[in-house]
Amino acid sequence: QVRLVESGGGLVQAGGSLRLSCAVSGSILSVNARGWYRQSPGKPRELVARLFAGGSTIYANSVKGRFTISGDNAKNTVALQMNSLKPEDTAVYYCNVLPSGWGEYWGQGTQVTVSS
C-alpha cells in the first residue's frame, strides 16, 4: 500500500517562505515524475511544479522564480521550496507521483495560508 503524506504547510505572511515535503511509504518500482498541485475552494486543482525522472522541471508561470521543486529518487520523495509567498498562493497543496505505466498517487494535502 503506497501512501503519500505532505507536511510543512502553515500560516505565513506575504513575502515569507515555506518548505513543503512529501514522504512516501510503500514501494514504487519506477517513477516517471513527481509534482505538486494546489487547489483553492471553488477552483480546479492546478499544476504548480513537476520534476521529471531525468531531472528536468516545469513550473506554473505564476510561481516561476519563487518556487523550487526537488526530489530524492531513492526515497521517491518530493519537496517544494516556496519563497516570496503571495496571498494568491493560499491553497491546499498536494504532492503527486507518477509511476511508470498506468496510474498515479496522491497525498491528502497540506494547507498553505498566506496573509496580506
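Treat the numbers as computed from the prediction; the structure is a model and nothing was measured.
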(request) Hey, can you tell me if Phe67 and Tyr93 have their rings parallel, tilted or perpendicular (30° and 60° cut-offs)? (result)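 Ring orientation, 0 to 90° scale: tilted.
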
(request) For residues 95-110, pull every pair meeting salt bridge (Lys or Arg N to Asp or Glu O under 4.0 Å), keeping only residues two or more places apart or in separate chains. (result)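 Salt bridge (Lys or Arg N to Asp or Glu O under 4.0 Å) check on residues 95-110 returns no pairs.
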
Please report the closest heavy-atom contact between [X] and [Y], naming both atoms and the distance.
X	Y	value
Ser17	Asn83	OG-OD1, 2.9 Å
Val97	Ile28	CG1-CD1, 3.9 Å
Val78	Cys95	CG1-CB, 4.0 Å
Val92	Gly109	CG1-CA, 3.8 Å
Gln13	Ser115	CA-OG, 3.5 Å

Is there a donor-acceptor pair under 3.5 Å between the side chain of [X] and the backbone N or O of [Y]?
X	Y	result
Thr90	Val114	yes
Ser84	Gly16	no
Gln108	Glu6	no

Name all residues meeting the side chain to side chain donor-acceptor pair (under 3.5 Å) criterion together with [X]; count only those two or more places apart in sequence or in a different chain, and write none if there are none.
X	value
Thr68	none
Gln111	Thr113
Ser27	none

(request) Evaluate whether atom CZ of Arg3 has more than 12 neighbouring non-hydrogen atoms of other residues, nucleotides or ligands under 6.0 angstrom away. (result)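 It does not: Arg3 CZ has 12 such atoms or fewer within range.
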
Just how far is it from atom [atom1] of [X] to atom [atom2] of [Y], taken to the nearest 0.5 Å?
X	Y	atom1	atom2	result
Asp89	Leu18	CG	CG	10.0 Å
Cys22	Ile69	SG	CD1	10.0 Å
Thr57	Lys64	OG1	NZ	9.5 Å
Phe52	Ile58	CZ	CD1	4.5 Å
Ser62	Lys86	OG	NZ	8.0 Å
Leu4	Tyr94	CG	OH	13.0 Å

(request) May I ask you to test the Ser21-Gln81 pair for a side-chain heavy-atom distance under 4.5 Å? (result)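 Not in contact.
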
(request) State, yes or no, whether a side-chain contact exists between Val48 and Tyr59 at a heavy-atom distance under 4.5 Å. (result)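 They are not in side-chain contact.
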
(request) Could you list all the disulfide (SG to SG under 2.5 Å) pairs where at least one residue sits in residues 44-93, not counting sequence neighbours? (result)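 Counting only pairs at least two positions apart or across chains, no disulfide (SG to SG under 2.5 Å) contact touches residues 44-93.
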
Would a hydrophobic clustering, with Ile, Leu, Val, Met, Phe, Trp and Tyr connected at side-chain separations under 4.5 Å, put [X] with [Y]?
X	Y	answer
Val12	Leu80	yes
Val24	Leu51	no
Val2	Val31	yes

(request) Name all pairs fulfilling the side chain to side chain donor-acceptor pair (under 3.5 Å) condition that reach into residues 41-51, sequence neighbours left out, sorted by first residue then second. (result)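 Every side chain to side chain donor-acceptor pair (under 3.5 Å) pair that includes a residue of residues 41-51, provided the two are not neighbours, is Tyr37-Arg50, Arg38-Glu46, Arg50-Asn96.
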
